[in-house]
4 protein chains.
Amino acid sequence: MTEQKFIDKNSPGRRRNDKSHKAILQAALELLEQDGYRALTIEAIAARAGVGKQTIYRWWPSKAAVVLEAFTANAAMQIPLPDTGSLRQDLQEFFASTLHAGGERTALVLRSLMAEALLDPEFADQFKHIFIYARRNALGEVLTRGVERGQLTANVDIDFLLDLVYGVIWYRVLVQHAALNEELMEQMVDMIMRYSEK
Amino acid sequence: MTEQKFIDKNSPGRRRNDKSHKAILQAALELLEQDGYRALTIEAIAARAGVGKQTIYRWWPSKAAVVLEAFTANAAMQIPLPDTGSLRQDLQEFFASTLHAGGERTALVLRSLMAEALLDPEFADQFKHIFIYARRNALGEVLTRGVERGQLTANVDIDFLLDLVYGVIWYRVLVQHAALNEELMEQMVDMIMRYSEK
Amino acid sequence: MTEQKFIDKNSPGRRRNDKSHKAILQAALELLEQDGYRALTIEAIAARAGVGKQTIYRWWPSKAAVVLEAFTANAAMQIPLPDTGSLRQDLQEFFASTLHAGGERTALVLRSLMAEALLDPEFADQFKHIFIYARRNALGEVLTRGVERGQLTANVDIDFLLDLVYGVIWYRVLVQHAALNEELMEQMVDMIMRYSEK
Amino acid sequence: MTEQKFIDKNSPGRRRNDKSHKAILQAALELLEQDGYRALTIEAIAARAGVGKQTIYRWWPSKAAVVLEAFTANAAMQIPLPDTGSLRQDLQEFFASTLHAGGERTALVLRSLMAEALLDPEFADQFKHIFIYARRNALGEVLTRGVERGQLTANVDIDFLLDLVYGVIWYRVLVQHAALNEELMEQMVDMIMRYSEK
DNA sequence: GACTAACCGAGACGGTACGTCCCGTCTTAAG
DNA sequence: CTTAAGACGGGACGTACCGTCTCGGTTAGTC
C-alpha cells in the first residue's frame with residue numbers, strides 16, 4: 001500500500017524477501033510498544049529483525065513509513081460503511097466499529113504517527129491521505145446520506161460536523177485526559193442529531 | 001510560571017544572567033520559524049544566542065521546554081474571560097480573542113509543542129498543565145456561567161462541549177486541512193447554543 | 001603490530017578504509033608537531049584527516065594509541081642488531097643507529113608518549129611492550145653476547161647495565177638539559193667496557 | 001616557595017586563609033592517590049577542600065603547581081649532604097637517604113609531576129629548578145669532593161655520572177619495571193667507584 | 001568604631017572537547 | 001541482484017571542566 005516500487009520481476013536477481021519484510025514490520029511495532037517512538041531507530045529495527053539497515057532503506061523512506069505500513073497492514077483498518085436507512089443507527093454502528101478498532105495499542109501508534117506527521121511534512125501528506133482523509137470520507141458518506149434522506153437539515157455543514165467528530169476523537173487520543181468510550185460516542189450521535197430538521 | 005527552580009537567592013553565587021535567558025528564548029523562536037522544529041537543536045540555539053550549551057541545560061530539561069517558555073512568555077497567552085451576561089456574546093468574545101491570539105506563527109509553535117508532548121510524557125505533563133488545561137478551564141468557566149444563568153440546559157456535559165471545541169481547534173491546527181477562522185467560531189457558538197434549554 | 005583487532009575478513013561487511021587509516025596517523029603527527037601533545041584532540045585529528053570521530057574510536061582506544069602507531073609505523077623503528085665479534089664495536093654501532101634514529105622530532109613524540117604512559121596505565125602497558133622493552137631486549141642481546149664471548153665479566157648484571165643506558169637516554173630526552181650526541185654514546189661504551197674482565 | 005605573589009601587607013584587607021591553603025594541598029594529594037593525576041581536577045580539589053575555585057586560581061597557576069607545592073612542603077624534600085671524607089661512604093649515605101625519602105606514594109607524585117612537565121613547558125621549568133636540578137647539584141657536590149680528594153680520576157665527567165645516576169632512578173620510577181632498592185644503590189656506588197684512579 | 005580593601009564560599013557564565021548514538025551511504029562475501 | 005554485515009563521514013547529544021565573573025558575606029588592617 002505504501003509500496004512505491006512496482007515489482008514486475010521478469011528481471012533476474014533475487015526477489016524481495018518476504019520474511020525480512022514482515023520481520024521488519026513486526027520488529028518496528030514491538031520496539032515501539034517497548035520503548036516508545038522516540039527511542040525507535042532504524043538501527044534497532046534492523047537489529048531486532050535480523051536484517052541489514054539497507055534493506056529497510058531500500059523499501060521505506062523513513063521509520064515513520066515503516067510504522068505506518070505496519071499499522072495499516074493490521075486488520076484494524078477496516079471500517080465498514082453502515083447503511084441502515086436510519087442516520088442515528090448508521091452513526092451508532094460507525095462509531096461502534098471505530099471504538100472497537102482502537103485500543104490503547106492503537107492509540108500509542110496513532111500518537112507516534114501524528115507526532116511524525118507534525119515534524120515531517122512529507123510524511124504528513126502520506127499519513128493524511130492514507131489514514132485521516134479515508135476516515136473522514138467514510139463518515140462523510142454516512143452524513144451525506146443523512147442529508148439526502150432528510151435526516152439532517154439540508155444546509156448543515158458536513159465538513160464542520162466531521163471536524164467536530166474527528167476533532168474530539170483525536171483530541172482525546174492525543175491529550176489523553178479522557179478515554180474514548182461508548183458514552184462519548186453516544187454524546188456525539190446526540191450532538192449530530194441536533195442538526196436534524198427539528 | 002514555567003520556572004521549575006525556586007530562586008531564593010539569599011544564597012551566594014552569581015545570579016542568573018537575564019540577558020542570556022532572553023537571548024535563548026529569542027534564538028529558539030527564530031530558529032524554529034526559520035528551519036522548523038525538527039531541525040532545531042540545542043547547539044544551534046546556544047550558538048545563535050551566544051551562550052554555552054550548559055547554560056541551556058542548567059535551566060531547561062529539553063529544547064521543548066525552551067520553546068514552551070518562549071511561547072508562554074509572549075503576550076499571546078492572555079485570554080480575557082468575558083462576562084457579559086449573555087452566553088452567546090461571551091462565547092463570541094472568547095473565540096474572537098482565541099482567534100486573534102493565534103496566527104500561523106502560533107500554529108507552527110503549537111504543532112511543535114504537541115509533537116514533543118506526544119514523544120515525551122514528561123514534557124506532555126508540563127504542556128498540558130501550562131497550556132491545554134489552562135485554556136480548557138477558561139472556556140469551562142464561561143460555559144458554567146451559562147448553565148448557572150439558565151442559558152444552557154442544566155444537564156449538559158460541559159467536559160464534552162470543551163472536548164468538542166478544543167478538539168476542532170486542535171484538529172485544524174494539527175491537520176491543517178482548513179483554517180481557524182470566524183466562520184468556524186460562529187459555527188461553534190451555534191453548535192453550543194443548540195444545548196440551550198429548548 | 002599495534003593492531004589489536006584480529007582481522008579475519010571472511011566475514012561480510014565493508015573493510016577498513018586504508019586511506020582514512022593513513023590520513024589519521026598523518027594528521028596526528030602533523031598536529032602534534034604543530035601544536036604539541038596537550039593541544040592534540042581527537043576532534044582535531046578527525047577534522048584534519050577528513051574523517052568521522054567514530055572512525056578513530058573504532059580502531060584506537062585513545063589518542064595516545066594513534067600517536068604510538070603513527071610513530072612505530074615510521075621507519076624510525078628499525079634497530080639493526082650488530083654482531084661483529086667485538087663488543088665495543090657492537091655497542092658503537094648500536095648506539096650510532098639509536099642516535100641516528102632519533103632527532104628532535106622523535107624526541108617530541110617520545111615525550112608525548114611517555115607523558116601519556118605516566119597518566120594512563122593501560123596505555124603504559126602497550127607502550128612498554130611495543131617500544132621500551134623491545135629496545136631493552138635488543139641491547140640486552142648485544143650485552144649477552146659480550147658475556148658469552150668473555151668480553152664482559154660473567155657476573156655482570158645486564159639488567160643494571162640496561163637501566164644505566166636507557167636511563168641516561170630517557171633522562172636526557174625528558175629533562176632536555178643536554179643533547180643525545182656521539183660524545184654521550186662514546187662515554188656509555190666506555191662505561192660498559194669498564195665491566196670487562198680486568 | 002612556589003609563591004609568585006609578593007606579599008607586602010601594609011595594605012588593608014583580609015589576609016590569605018591558611019586553613020584553606022592547607023586544605024587545598026591536602027585535598028590535592030588525597031585525590032591524586034585516590035584517583036590518579038589524570039582524574040585530578042581543580043573543581044574536585046576545590047570541592048573536597050571546601051573552597052571556592054577562585055581561591056585556588058588566586059594562588060596557583062595550575063593544578064600541577066598545587067601538587068608540586070604539596071609535594072615539596074612535605075618533609076620528603078630534605079637531602080642531607082654527607083661529608084665523611086670517603087667518597088664511597090658519602091655515596092652510600094646519600095643514596096640511602098634518597099631511597100628513604102621515596103616510597104610508592106612519592107613515586108606516584110613524581111610520575112604525575114613529570115607527566116605535567118612533559119606537557120607544559122612553563123611548569124617544566126619550575127619543576128626542574130625546584131626539584132631536578134636541586135638533587136643533581138647535591139650529588140654533584142659529593143662527586144666534586146670525590147675528585148678533589150683524588151678518589152675519582154681528575155678527568156671524570158661529573159655531569160655524565162649525574163646523568164647515569166638520576167637516569168637510572170627516574171627510569172625505574174617512570175617505567176616501573178623494577179624497584180628502587182638497596183641493591184641498585186650498591187650497584188651505582190660500585191659503578192661510580194670504577195671511575196677511581198685505578 | 002567606622003571604613004575599606006582583599007579574601008572567601010558559592011555558583012553561573014562562555015567555551016572546548018569528550019565519548020556515544022544514529023543517520024543515510026557505501027562496500028564486502030555469500031546466496 | 002538482494003541480503004546481512006558492518007565501516008564510513010557526519011552531526012548532535014548531554015556531560016565534564018576550564019578559567020572568568022559576580023554575588024553576599026567576612027576579616028583585618030588604617031583612619
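By convention in this document, chain letters (A, B, ...) are assigned in the order of the sequence lines, proteins followed by strands, and residues within each chain are numbered from 1.
- Legend: residues meeting side-chain hydrogen bond (donor to acceptor under 3.5 Å, both in side chains) with A/K53, ordered by chain and number and at least two apart, are A/E43.
- Between the side chain of C/R15 and the base of E/dT27, no donor-acceptor pair of N or O atoms lies under 3.5 Å.
- Between C/S20 and F/dA7, a side-chain N or O to OP1/OP2 separation shorter than 4.0 Å is absent.
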For nucleotides 10-12 of chain F, give me every protein contact, N/O to N/O, under 3.5 Å, one pair per line with atom names.
none

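- For F/dG9, the OP1/OP2 oxygens have a side-chain nitrogen or oxygen of C/T55 closer than 4.0 Å.
- Taking atom CD1 of residue A/I45 and atom C1' of nucleotide E/dG24, one finds them 14 Å apart after rounding to whole Å.
- In this structure C/E122 satisfies the side-chain hydrogen bond (donor to acceptor under 3.5 Å, both in side chains) test with no other residue, sequence neighbours excluded.
- In this structure, D/W60 atom CH2 and F/dT20 atom P are separated by 16 Å, rounded to whole Å.
- Whole-Å rounding puts the D/I56 CD1 to E/dG11 C1' distance at 14 Å.
- Remark: A/K128 pairs with no residue by the side-chain hydrogen bond (donor to acceptor under 3.5 Å, both in side chains) rule, at least two apart or across chains.
- Atom CZ in D/R58 sits about 13 Å away from atom C1' in F/dT22, given to the nearest Å.
- Atom pair B/H21:NE2 and F/dT22:P shows a separation of 20 Å (rounding to whole Å applied).
- Distance A/D18 CG to F/dT3 C1': 15 Å, rounded to the nearest Å.
- Among the nucleotides E/dC8, F/dA5, F/dC8, the one closest to any side-chain atom of C/W59 is F/dC8.
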| request: Starting from the C-alpha separation in whole Å, work towards a yes-or-no answer on side-chain contact (heavy atoms from CB on, under 4.5 Å) for B/Y37 and A/L118. | output: CA-CA 9 Å; B/Y37 188 78; A/L118 292 175; over 6 Å; no
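- In terms of position on DNA chain E, the residue among B/A46 and C/K63 whose nearest nucleotide sits closer to the 5' end is B/A46.
- Nearest to the side-chain atoms of B/R14 among the listed nucleotides F/dT3, F/dC21, F/dG9 stands F/dC21.
- Although no hydrogens or angles enter the test, the distance criterion places no donor-acceptor pair under 3.5 Å between the side chain of D/H21 and the main chain of D/N17.
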Taking distance alone, no hydrogens or angles, what donor-acceptor pairs closer than 3.5 Å link side-chain atoms of residues 45-52 of chain C to residues at least two apart or in another chain?
residue, atom, partner, partner atom, Å
C/R48, NH1, C/E30, OE1, 2.1

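- Every residue was checked against the side-chain hydrogen bond (donor to acceptor under 3.5 Å, both in side chains) condition with C/K19, not counting sequence neighbours, and none meets it.
- Rounded to an integer number of Å, the gap from B/R16 CZ to E/dC13 P is 7 Å.
- Computed from coordinates, the D/R48 CZ to E/dG9 C1' distance equals 18 Å when rounded to whole Å.
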